[in-house]
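Order of listing sets the numbers, starting from 1, for every ligand and every atom in it. Residue numbers count from 1 along this sequence. Atoms considered below: every heavy atom in the structure, side chains included; atoms not considered: hydrogens, waters and symmetry mates.
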Amino acid sequence: MSQLLLRGRVLTFTDEPKSIDDHAAYSYFEDGAVLVKDGKIAGVGDYAELARGAGPQVEIVDHRPHLILPGFIDTHLHFPQTQAIASYGAQLLEWLNTYVFVEEQKFSSTAHADFIAGRFMDELLRNGTTSAMAYCSVHRESVDAYFSAAEKRNMLMIGGKVMMDRNAPEGLRDTPQSGYDDTKDLIAKWHGRGRAHYAISPRFAITSTPEQMEISRTLVREHPDCYVQTHLSENRDEVTYATSLYPSAKDYTDIYANYDLLGSKMLLGHCVFLSDREISALAETRSVAVFCPTSNLFLGSGLFDRDRFKKLGARFSVATDVGGGTSFSMLETMAEAYKVLHVQGQRLSPFASYYMMTLGNARALGLEDRIGSLHVGADADITILDSRAKPAMELRMQTATTLAEELFILQTMGDDRSVSEVYVAGKPMKSGLNTAVAPNAATRSVADLQPA
Ligand code: GUN
Ligand code: ZN
């Protein structure tokens with residue numbers, strides 16, 4: 001039996017912090033340790049105690065003075081948009097047509113899908129994210145590429161083939177029947193295999209006909225243990241267009257409600273322009289709104305009003321939304337979340353932030369028994385954070401006096417350089433991460449770029 005004892009400053013949440021000094025919501029061990037046996041957590045607590053109880057064959061890895069946290073969880077992003085991040089100058093609908101729908105067509109090539117899937121998983125890990133829920137492209141091969149890359153790394157990943165049968169280029173459109181058939185086959189192949197979970201993925205109301213929505217309803221009814229993911233109310237023009245396509249719906253949320261797609265396994269990206277009625281409909285069905293701060297700023301969409309979701313009792317999670325989002329880093333994402341809320345007069349405490357990236361997102365996915373916190377029996381997905389990873393951080397840390405301050409500095413100034421190691425099911429991953437150049441980029445150089 002393989003045994004690892006990770007020594008460092010251990011931080012893990014047991015509940016949502018209600019304020020900056022709600023110390024009951026987390027456990028913190030200054031000279032702490034996590035004992036890992038066969039990919040699972042077998043002990044969490046003070047180092048001296050755990051070291052005494054561990055067998056003679058235990059391997060000790062000393063991560064001091066770094067922090068040991070659960071691996072981060074990202075609840076919404078797009079794996080085929082890995083090379084579309086930072087596409088200039090357009091809001092949502094123009095951005096989709098100009099950049100995203102061009103990029104996603106490349107995923108008809110299995111070689112391309114395999115290459116990007118590997119880089120995508122490694123980029124998540126480089127940033128300390130050990131689990132995520134992502135959209136694949138319309139091509140079923142992209143789902144095979146995605147789950148194969150996750151399986152190779154033993155990562156708990158959620159994903160699915162995007163379904164879209166209108167308002168997209170021909171090469172990216174399925175049909176209600178082929179979307180149904182491909183989704184069924186992919187669920188049979190991947191859902192529950194190892195650590196894989198399937199997400200039924202009608203992209204959004206604009207790219208699905210009523211017939212495809214009907215098919216989505218059937219899929220969800222036939223596979224109640226699968227996730228469902230879509231987009232909702234991200235951008236004002238999108239809301240106008242989507243509701244015009246479904247004139248009998250009360251509002252945008254009602255489109256999905258009318259096809260019985262809302263529920264505790266449904267994650268809806270963005271939710272920026274919802275009425276109180278719509279938020280209440282999400283609350284009643286226990287659906288999850290996904291806050292995507294870097295994306296909402298980058299695409300000029302709008303500001304997520306977290307306090308209205310809280311007031312109306314609706315669930316929410318947080319996500320990068322790569323490639324509308326601009327970073328794979330959940331730390332950078334929370335730095336922007338802080339600003340999005342701050343500009344609306346809402347507070348995001350450092351403890352609340354780290355809760356959201358870990359246990360909060362695990363609860364949104366209903367996976368809190370497996371991931372998102374360091375507890376005995378959980379999967380050993382663990383992130384090691386270095387608060388002094390950059391010279392400017394090291395300098396700033398010289399004046400920090402509390403854990404809350406350190407966490408806030410790490411979030412505000414940190415990125416992938418702050419992740420000194422990441423463990424997936426107890427296996428260290430950071431040193432093996434891939435930075436291979438894309439096959440299609442091999443012949444390009446700066447000299448090939450056109451002047452603006
Ligand atoms: N709405 C529908 N598709 C997408 C997408 O790929 N990204 C974002 N940000 N919004 C969407
Ligand atoms: Zn999205």
Side-chain angles (χ1 to χ4, degrees), residues 74-107 116 120 132-139 142 146 158-169 172-174 199-209 212-213 216 227-243 245 252-253 255-256 261 266-274 288-304 316-328 333 336 340:
D74 188 347
T75 56
H76 178 128
L77 78 170
H78 298 258
F79 121 73
Q81 295 174 22
T82 301
Q83 287 185 302
I85 303 175
S87 293
Y88 174 75
Q91 291 209 350
L92 178 64
L93 299 179
E94 187 192 350
W95 172 81
L96 284 172
N97 285 314
T98 311
Y99 301 112
V100 169
F101 290 165
V102 175
E103 188 64 24
E104 292 193 6
Q105 291 183 57
K106 297 180 188 164
F107 288 74
I116 296 294
F120 174 84
M133 172 148 159
Y135 292 71
C136 302
S137 73
V138 75
H139 317 96
S142 76
Y146 174 84
I158 306 165
K161 176 203 116 73
V162 90
M163 295 191 289
M164 45 200 294
D165 66 342
R166 68 170 163 185
N167 290 322
L172 282 190
R173 291 198 303 267
D174 55 10
I200 298 163
S201 309
R203 184 172 206 129
F204 66 155
I206 291 177
T207 48
S208 285
T209 59
Q212 186 160 70
M213 289 295 199
S216 301
Y227 292 94
V228 197
Q229 58 180 351
T230 192
H231 296 82
L232 173 62
S233 208
E234 172 177 4
N235 164 290
R236 289 190 194 281
D237 291 343
E238 173 219 7
V239 176
T240 305
Y241 190 20
T243 48
L245 292 171
Y252 197 164
T253 303
I255 299 172
Y256 299 130
L261 297 181
M266 167 60 117
L267 279 84
L268 302 114
H270 305 290
C271 299
V272 173
F273 298 106
L274 298 184
V288 178
V290 187
F291 177 18
C292 305
T294 72
S295 171
N296 294 160
L297 294 175
F298 181 74
L299 293 176
S301 300
L303 306 175
F304 182 84
F316 58 88
S317 65
V318 67
T320 64
D321 190 32
V322 160
T326 49
S327 169
F328 278 90
T333 300
E336 297 309 288
V340 165

Counting heavy atoms not belonging to R236, are there more than 12 under 6.0 Å from its CZ?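 At most 12 heavy atoms, drawn from other residues, nucleotides or ligands, come within 6.0 Å of this atom.
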
Output field: ring centroids H76/Y135 closer than 6.0 Å: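 They qualify: ring centres under 6.0 Å apart.
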
For the atom pair [atom1] ([X]) and [atom2] ([Y]), what is the distance rounded to the nearest 0.5 Å?
X    : Y    : atom1 : atom2 : answer
I206 : L96  : CD1   : CG    : 8.5 Å
M213 : M163 : CE    : CE    : 9.0 Å
F328 : I85  : CZ    : CD1   : 4.5 Å
E336 : N296 : CD    : CG    : 11.0 Å

Any idea which N/O/S atom from H231 gets closest to the Zn ion (ligand 2)?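 The nearest such atom is NE2.
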
Nearest N/O/S atom of D321 with respect to the Zn ion (ligand 2), by atom name, please.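 In D321, the N, O or S atom with the shortest distance to the Zn ion (ligand 2) is OD1.
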
What part of [X], side chain, backbone, both or neither, has a heavy atom within less than 4.0 angstrom of ligand 1?
X    : result
H78  : side chain
I206 : neither
L96  : side chain

NE2 (H78) to the Zn ion (ligand 2) to NE2 (H76): angle, nearest 10 degrees?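 NE2 of H78, the Zn ion (ligand 2) and NE2 of H76 span an angle of about 110°.
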
Of all the non-hydrogen atoms in the protein, which one sits nearest to atom 4 (C) of ligand 1, and at what distance?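 For atom 4 (C) of ligand 1, the nearest protein heavy atom is H231 NE2, 3.5 Å.
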
F79 and F107 aromatic ring geometry - parallel, tilted or perpendicular at 30°/60° bounds: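 F107 vs F79 ring planes: perpendicular.
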
Atoms of ligand 1 close to L92 [distance to a heavy atom under 4.0 angstrom, numbered from 1]: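 So the answer, numbered in order with elements, is 8 (C), 10 (N), 11 (C).
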
Which of the atoms of ligand 1 are close to R203, meaning less than 4.0 Å from one of its heavy atoms?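 Those of ligand 1 that fall under 4.0 Å from R203 are 2 (C), 3 (N), 4 (C), 5 (C), 6 (O).
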
Checking D165 now: which residues fulfil salt bridge (Lys or Arg N to Asp or Glu O under 4.0 Å) with it, not counting sequence neighbours?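 Counting only residues at least two positions away or on another chain, D165 forms no salt bridge (Lys or Arg N to Asp or Glu O under 4.0 Å).
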
Nearest heavy atom to atom 7 (N) of ligand 1 wins, so pick from W95, F204, F101, Y135.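 Looking at heavy atoms only, W95 sits closest to atom 7 (N) of ligand 1.
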
So, is C292 placed with an N/O/S atom under 2.8 Å from the Zn ion (ligand 2), counting both backbone and side chain?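 Given the 2.8 Å cut-off, C292 does not count as a ligand of the Zn ion (ligand 2).
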
If we only consider heavy atoms of Q81, is any one of them less than 4.0 Å away from an atom in ligand 1?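 Yes, that is the case, since the closest heavy atom of the residue is under 4.0 Å from the ligand.
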
Looking at ligand 1, does any of its N/O atoms fall within less than 3.5 Å of an N/O of E104?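 There is no such contact.
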
If you measure every N/O of E234 against every N/O of ligand 1, is any gap under 3.5 Å?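 Indeed, backbone or side chain, E234 has an N or O that close.
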
S233: what forms a side-chain contact (heavy atoms from CB on, under 4.5 Å) with it, not counting sequence neighbours?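 Partners of S233 by the side-chain contact (heavy atoms from CB on, under 4.5 Å) criterion, ordered by chain and then number, come out as V239, Y252, F273, L274.
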
